[in-house]
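Dumping the structure here so I can ask a few things about it.
Atoms within a ligand are numbered from 1 in the order they appear, just like the ligands themselves.
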Amino acid sequence: MKRKYAFTGIITVSFILLFSMVCAAQPLADPPQQREIKITARRFEFSPKTITVRKGERVRLVVTSEDVDHGFALKEFDIDQEIKAKQTKVIEFTPNREGRFQFSCSVFCGDGHNDMAGELIVTEAPIEAASTMKVSFDQTTPGVVIVESAGERLRIDTGKKTVERIADAEPVKPRSSSREQAPAVAAKERESSKAYEPYDYHIVNIPTPKQVRRHSLNLFFTHRFQETITPLENEKADQHIARISKDLLGLDSSSVSSFGLTYGITGRLYVSVYRSPLCQPGLCKTIELGLGYHLLDEARRSPIALSAYASVEGDDNFTERYTYNLQAMIGRSVTKYVNLFFSPAAHINSNGSDRFKEFLTNQPLAARLRLGQNSGSFGFGMNARIRPTTSLLFEYTPRVGFKMGQITPIFDTNIGQITGFKNKSEAEIAFGIEKRIGRHVFSLTFSNTQGTTTARYNSSNQALPPNKFSVGFNLFRRLL
Ligand code: CUA
């Protein structure tokens with residue numbers, strides 16, 4: 001008798017197994033069970049990196065960022081969602097194609113952003129059905145079998161010959177609250193995180209569209225030495241070495257040290273003050289007051305980064321001879337390592353009341369020298385990252401209209417007289433190397449100008465040919 005029961009039991013279980021396999025492969029009446037997959041996003045990886053789902057299966061991705069803002073993009077299925085810092089986003093979709101598809105982070109999150117990716121594998125066959133099917137016997141009730149497959153649990157009573165679906169043993173905890181979770185904490189977290197920044201506020205002199213953080217106070221210091229690093233030129237090698245070593249590559253020569261402060265009023269609007277002690281005919285002790293607005297950001301998936309800036313420069317500590325600047329700062333990353341910049345600007349009244357000729361008022365011949373009153377400049381720049389915190393810098397600023405330079409007399413040796421005056425000026429060229437250490441950015445610079453205010457950086461005040469550069473450095477520090 002016992003044997004007969006056992007035999008019936010085996011038959012029944014076999015039938016059930018077969019039945020549930022068919023069930024798993026092709027659910028009959030009920031809609032397919034949703035597949036929930038939890039993914040963690042952190043700089044700079046997704047975990048798990050590979051997710052496997054079945055074609056036609058409803059997939060529910062629960063993506064949580066552990067640190068900063070990230071994105072989750074899966075192009076083939078039209079998915080591109082932002083996952084805010086410390087928050088969770090639910091992404092639902094039904095893969096309708098088999099294959100391997102790459103998903104990646106779509107919100108710029110730092111140095112390794114471009115490497116932050118994973119793979120979605122969509123399979124046709126119910127690969128996991130057999131391996132995940134679990135059969136257990138109810139210990140308390142004889143003749144009761146529990147079959148688990150593809151997220152479904154069936155309770156089969158062989159005695160009563162009933163099949164019933166039972167609820168999930170481990171219901172997935174709702175995470176809806178975490179979506180709105182503590183935005184204050186998240187914001188604070190973002191502030192303190194040393195988020196990687198692809199470039200600084202300036203290349204050498206040209207400003208970039210980098211966003212000024214809300215309520216941040218930033219210090220910018222520039223130093224430009226007077227003497228140039230000249231190549232061996234009309235002097236003997238030992239003389240050259242003697243001269244160079246005497247003043248330490250120009251480091252001992254007289255220099256221009258300017259500094260400024262920038263304050264972020266909101267995340268987009270900022271004010272700045274900057275003072276340059278440069279003093280020469282037509283220009284002295286300039287203070288520049290500016291207002292900037294950050295419009296577009298590549299991190300927010302705009303094709304370019306864009307800021308606009310307006311400022312007034314006044315000489316003699318903002319008491320006279322004002323110049324008005326309007327400037328746009330445009331930036332774009334062209335590769336993972338290279339950012340290009342374009343910064344056109346209008347400098348209104350940059351030679352107002354012909355002030356760069358004032359020192360020649362009792363020279364009648366100077367009247368013939370026309371300098372113009374306003375300038376326009378077109379700054380082109382590049383930041384090329386060679387190490388995670390080190391970049392090479394290059395910039396070039398051609399300009400139109402008034403060009404600051406050196407006014408020199410034209411002397412005719414035949415008649416032994418001054419026959420007129422000319423303005424020698426070169427478009428700004430600068431290069432350098434930038435190093436970031438936490439909240440500091442240090443750049444060693446080589447430029448053919450000592451002017452660093454918006455209206456003046458475009459012209460070489462020393463009228464140096466572009467192959468002669470003076471050493472300098474920029475120092476940036478976020479104070480608050
Ligand atoms: Cu994470 Cu970009």
*Please find out if less than 6.0 Å separates the ring center of Tyr270 from that of Tyr293.*
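No, ring centres 6.0 Å or more apart.
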*Are side-chain N/O atoms of Ser377 and His347 paired as donor and acceptor at under 3.5 Å?*
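Present: a donor and an acceptor within the cut-off.
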*Any side-chain donor near an acceptor of the partner, Ser470 and Arg224, under 3.5 Å*: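 Arg224 and Ser470 do not have a side-chain donor-acceptor pair below 3.5 Å.
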*More than 12 heavy atoms of other residues, nucleotides or ligands under 6.0 Å from OH of Tyr263: is that the case?*
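Check passes, neighbour count above 12.
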*Salt-bridge test for Asp67 and Arg43: reply yes if a basic N is under 4.0 Å from a carboxylate O, no otherwise.*
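No.
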_Any side-chain donor near an acceptor of the partner, Thr123 and Glu98, under 3.5 Å_ =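 No - no donor-acceptor pair under 3.5 Å links their side chains.
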*asked:* If we only look closer than 2.8 Å, how many protein N, O or S atoms does atom 2 (Cu) of ligand 1 have near it?
replied: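 For atom 2 (Cu) of ligand 1, the figure is 4.
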